[in-house]
Every structure is written in structure tokens, then in C-alpha cells.
Peer 1: 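Before we start, here is the structure in question, set down as C-alpha cells.
Note that ligands are numbered from 1 as they come in the structure, with each ligand's atoms numbered from 1 the same way. Only heavy atoms go into these numbers, but all of them, side chains included; no hydrogens, no water, no symmetry mates.
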Amino acid sequence: MKLVVAIDGPAGAGKSTVAKRVARELGLTYIDTGAMYRAVAWKVLQSHGDVTEEATKEAAKDIDIRLSYEGEKMKVFVDGTEVTEAIRTPEVSRNVSAVASFGFVREKLVELQRRMADCGSVLMDGRDIGTHVLPKADVKIYLTASVRERAQRRAKELREKGHDVELAEVEQEIAARDKADMEREISPLRQAEDAILVDTTGLSIDEVVAKLMALCKGAA
Ligand code: DC
């Protein structure tokens, strides 16, 4: 039986960490749509240095984005170049919301995401999956946590990767990204009416995974 799971929520809510595990346990293909917007932002920055509508149009025109999987590891390629790590830098994080606010970028990526979901059972995470990309998903989850806790998690992750970051700076950046993602005109981040709210503040990864597994199993 085909199962389609949509997980939305703000930056740093733990979506990709728990989504990867739940997808593996249930045998679903995990699709990280944030990585696709990051891939476009990376290409714009690479070719132009900053984000403008013109530069984004040029970069998005015939961009080839591929997600490939080796076990639990997902690799991201843009026009044949591997960008798995390069799309996670603070510079890409600061610029990705601007890129994701352009309608022509969203249309292109949403079409690609829907095609990926047609291929079988998937778990897709992002900002507009339950509200726009896959409105008929079997399970819709809205994952969130306090801004402070999300900033702490993101700062830890970045430090582990060798980036020298201040918590206050990461918190500011997350709050700015929340605002941009929730207030943009096209497909803003919001909880779908039929989505289940899961607040992960104070919960461990194992606890969140268990909650999500129970919700998905209930729908299967
Ligand atoms: O999940 P993430 O932090 O990697 O996402 C990066 C950015 O991409 C996020 O700030 C908003 C945008 N995004 C989006 O607009 N729609 C999606 N479905 C996924 C991400």
C-alpha cells in the first residue's frame, strides 16, 4: 500500500533528523525539499555572489537538481557537482528564504517534488508540503519547537561541522527565517488544517521518532 507522509515546520524543528529515521523504519523514500531550495540558492551565490531576481532566474532556468541515496545518506547534486555539504553553510542559510520566495523557483521545485512523490511511498519534509505540494497526503505533521531550542540545536549542529557560531546570532537568523517563510506571499509556512501539531520542545529525538511512527502506523 502506498503511504504519503508530509512533515512541515519552521527551521531547526528537527524535521530532517526525525524524518530520515521514520522514513527508514517505515521503508519510505525521504525527500528533503529544503535541500532543493538550498541547491538553487547555492547556485545563485556561486554564479552571482548575491541574490537578485535576475540572477535567480538565470540560475533556476535549467538547473539540474538530483537527490541520491546511499542507505541513510542523502547526497545532493547541482548540474553534476556534489553540494551536499556546501548547501548547509550559514551563507546559504541566510540567503535561501529570499530565493524560495520567488514564484518561478517554487513552481519549478513543486513540479519536481510532485513527480518524485508519484514514484511510490514517500516522506517529504518542508514548509508547504501538507498545504500545497501534497494536499492529499495520508499523514500531515506540523513539527515545531521554541525559537530558543531550535537555535540551540542548529548551533550545536553547525559547531560539530566546524563552523564558529554564536547562539544569539543563530537565534536571530532562525527568527528572521521564520518571519520570511511565514510572511511570504506564495505558499507561506503554516499548519494545514488537517495536520497534527507536534511540539518537540524538551523532547529527545527518540521520543519524537516514536510519536511520528505511531501517527504514521495509525494511518497505514
Ligand atoms: O528546511 P531547510 O532549513 O533546509 O529549508 C531551507 C529554506 O527553504 C527555508 O528557509 C524555506 C525554504 N523552503 C521552502 O520555502 N519550502 C519548502 N518546502 C522547503 C524549504
Peer 1: Under the ring-ring contact (aromatic ring centres under 6.0 Å, His included) test, which residues partner Phe77, sequence neighbours left out?
Peer 2: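 Result, ring-ring contact (aromatic ring centres under 6.0 Å, His included) vs Phe77: none returned.
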Peer 1: Quick one: side chain to side chain contact (heavy atoms under 4.5 Å, CB included) partners of Ala23, sequence neighbours excluded?
Peer 2: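 If we apply the side chain to side chain contact (heavy atoms under 4.5 Å, CB included) test to Ala23, skipping adjacent residues, the hits are Leu28, Tyr30, Leu123.
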Peer 1: Select all protein residues for which some heavy-atom-to-ligand 1 distance is less than 4.0 Å, and list them by chain and number.
Peer 2: Thr33, Gly34, Tyr37, Arg38, Arg88, Val96, Ser97, Ala100, Arg106, Gly126, Arg127, Asp128, Ile129, Arg177, Asp181, Arg184
Peer 1: Would you say the side-chain atoms of Thr144 and Arg150 include a donor-acceptor pair closer than 3.5 Å?
Peer 2: no
Peer 1: Side-chain donor-acceptor pair under 3.5 Å between Asp199 and Thr201, yes or no?
Peer 2: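 Indeed, the side chains of Asp199 and Thr201 share at least one donor-acceptor pair under 3.5 Å.
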Peer 1: Is it true that atom NZ of Lys108 has more than 12 heavy atoms of other residues, nucleotides or ligands lying nearer than 6.0 Å?
Peer 2: yes
Peer 1: Quick one: side chain to side chain contact (heavy atoms under 4.5 Å, CB included) partners of Thr17, sequence neighbours excluded?
Peer 2: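 Scan of Thr17 (side chain to side chain contact (heavy atoms under 4.5 Å, CB included), adjacent residues dropped) gives Ile205.
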